[in-house]
Amino acid sequence: ITTNNYRLSIGSSAQVLEVEANAVQVNSEQTNVQSVITPEQIQNLPVQGRNFLDLAQLEPGVQLQSGETFDPTKAGYSALSIGGVAGRTTRIMLDGSDITDETVGTTIFNVPSGAIGEFQLNRSTGDVSGDITSSGSVFVATPSGTNTFHGQGFYFFQDNNAGFSDSGGGINPPFQRNQFGGYVGGPIIKEKLFIFGDLERIK
């Protein structure tokens, strides 16, 4: 065991404290209000009909509007009414491409909720990046590829005889819905090329 004594000299000490007070500023460049629905919410929330536009109804002031209210040829298609404005004017963007029907409204094709990786809703007046709109815009993106295979399958069955639909002596109209499908994705060439497919049907 060896004992050594060391003398340490006191160095110079300097402390600088800077306080910057910035006034709260209002964003004067964009007037829209953005809401983002996470991939976890998309996967876990029960969506009736599995229409991806149903996700927008999680936000206040947003309602799903049937395409048949615009035109009989739009049966099975949906639009979004934002802030009480007819859904004909709401823009729908998928991976940067506008899928809004310019003539009638709603979308030009349906997108299953299993194929949605990100969902963003812009309410109020959208900025110039979202094309001309008077109510709002929806921006959705498909999932990105991964190096592992993944997927999901589902089957939903609804019938008017299930549950409490025939209790209370009220009207019990015939109703039955079969909804099934699934999706799968994975690598073709790892780190370079991926595949993703989604198929859903309602009877």
Discussion item. Any non-hydrogen side-chain atom of Glu191 less than 4.5 Å from a side-chain atom of Asn147?
Written reply: yes
Item to complete: Would you please test Leu94 and Val111 for side chain to side chain contact (heavy atoms under 4.5 Å, CB included) and show each step?
Response: CA-CA 9 Å; Leu94 175 65; Val111 181; 4.1 Å; yes
Practice prompt. Using a cut-off of 6.0 Å, state whether more than 12 heavy atoms not belonging to Asn5 lie near its atom CG.
Written response: no
Response to the item:
Rounded to the nearest 0.5 angstrom, the CD-OG distance for Gln63 and Ser78 is 13.0 Å
Practice prompt. Please step through side chain to side chain contact (heavy atoms under 4.5 Å, CB included) for the pair Val140 and Gln120, ending with a clear verdict.
Written response: CA-CA 6 Å; Val140 293; Gln120 182 184 49; over 6 Å; no
Discussion item. Using every non-hydrogen atom in the two residues, find where Ala79 and Phe70 come nearest and quote the distance to one decimal.
Written reply: CB-CE1, 3.6 Å
Worksheet item: Okay, side chain of Asp54, backbone of Leu64: is any donor-acceptor separation there less than 3.5 Å?
Response: no
Fill in: Straight-line distance of Tyr183 OH to Gln152 CD, nearest 0.5 Å
4.5 Å
Worksheet item: If you group Ile, Leu, Val, Met, Phe, Trp and Tyr by side-chain heavy-atom gaps below 4.5 Å, do Leu53 and Ile108 land in one group?
Response: yes
Worksheet item: So do the side chains of Gln158 and Phe175 get within less than 4.5 Å of each other, counting heavy atoms only?
Response: yes
Practice prompt. Consider only side-chain N and O atoms of Thr100 and Asp98, and report whether a donor and an acceptor are under 3.5 Å apart.
Written response: yes
Worksheet item: Could you walk me through whether Phe180 and Phe156 pass the side chain to side chain contact (heavy atoms under 4.5 Å, CB included) check?
Response: CA-CA 6 Å; Phe180 50 90; Phe156 299 135; over 6 Å; no
Worksheet item: Taking a hydrophobic cluster as the set of Ile, Leu, Val, Met, Phe, Trp and Tyr residues connected by side-chain heavy atoms closer than 4.5 Å, whether directly or through intermediates, do Tyr77 and Ile99 fall within one such cluster?
Response: no
Worksheet item: Is the closest side-chain heavy-atom distance between Ile37 and Leu121 below 4.5 Å?
Response: no
Fill in: Single-linkage hydrophobic cluster, 4.5 Å side-chain cutoff, Ile116 and Phe109 together
yes
Item to complete: Enter the distance from Ile92:CD1 to Thr106:OG1 here, rounded to the nearest 0.5 Å.
Response: 9.0 Å
Worksheet item: With a 6.0 Å cut-off on ring centres, are Phe194 and Phe196 close enough?
Response: no
Worksheet item: Atom OG1 in Thr107, atom CG in Asp101: separation rounded to 0.5 Å?
Response: 8.0 Å
Worksheet item: Taking ILVMFWY side chains as joined if any heavy atoms are under 4.5 angstrom apart, and letting links pass through other members, which residues group with Val184?
Response: none
Discussion item. Please determine whether the number of non-hydrogen atoms from other residues, nucleotides or ligands lying under 6.0 Å from atom CD1 of Ile195 exceeds 12.
Written reply: no
Worksheet item: Between the side chains of Ser137 and Asn122, does any donor sit under 3.5 Å from an acceptor?
Response: no
Worksheet item: Considering all heavy atoms of both residues, which atom of Gly182 and which atom of Phe154 are nearest to each other, and what is their separation?
Response: N-CE2, 3.8 Å
Discussion item. Tell me whether Gln57 at atom CD has more than 12 heavy atoms from other residues, nucleotides or ligands lying less than 6.0 Å away.
Written reply: yes
Worksheet entry | Modelled atom types, side-chain donor and acceptor of Tyr155 and Asn178, under 3.5 Å | yes
Worksheet item: Within the side chain of Asn110, is there an N or O that forms a donor-acceptor pair under 3.5 Å with the backbone of Gly76?
Response: yes
Worksheet item: Can you tell me how far NZ of Lys74 sits from OG1 of Thr69, rounded to the nearest 0.5 angstrom?
Response: 11.5 Å
Worksheet entry | Interatomic distance, Glu200 atom CD to Gln179 atom CD [nearest 0.5 angstrom] | 7.0 Å
Worksheet entry | Shortest non-hydrogen contact between Ala115 and Pro143, atoms and distance | O-CD, 3.1 Å
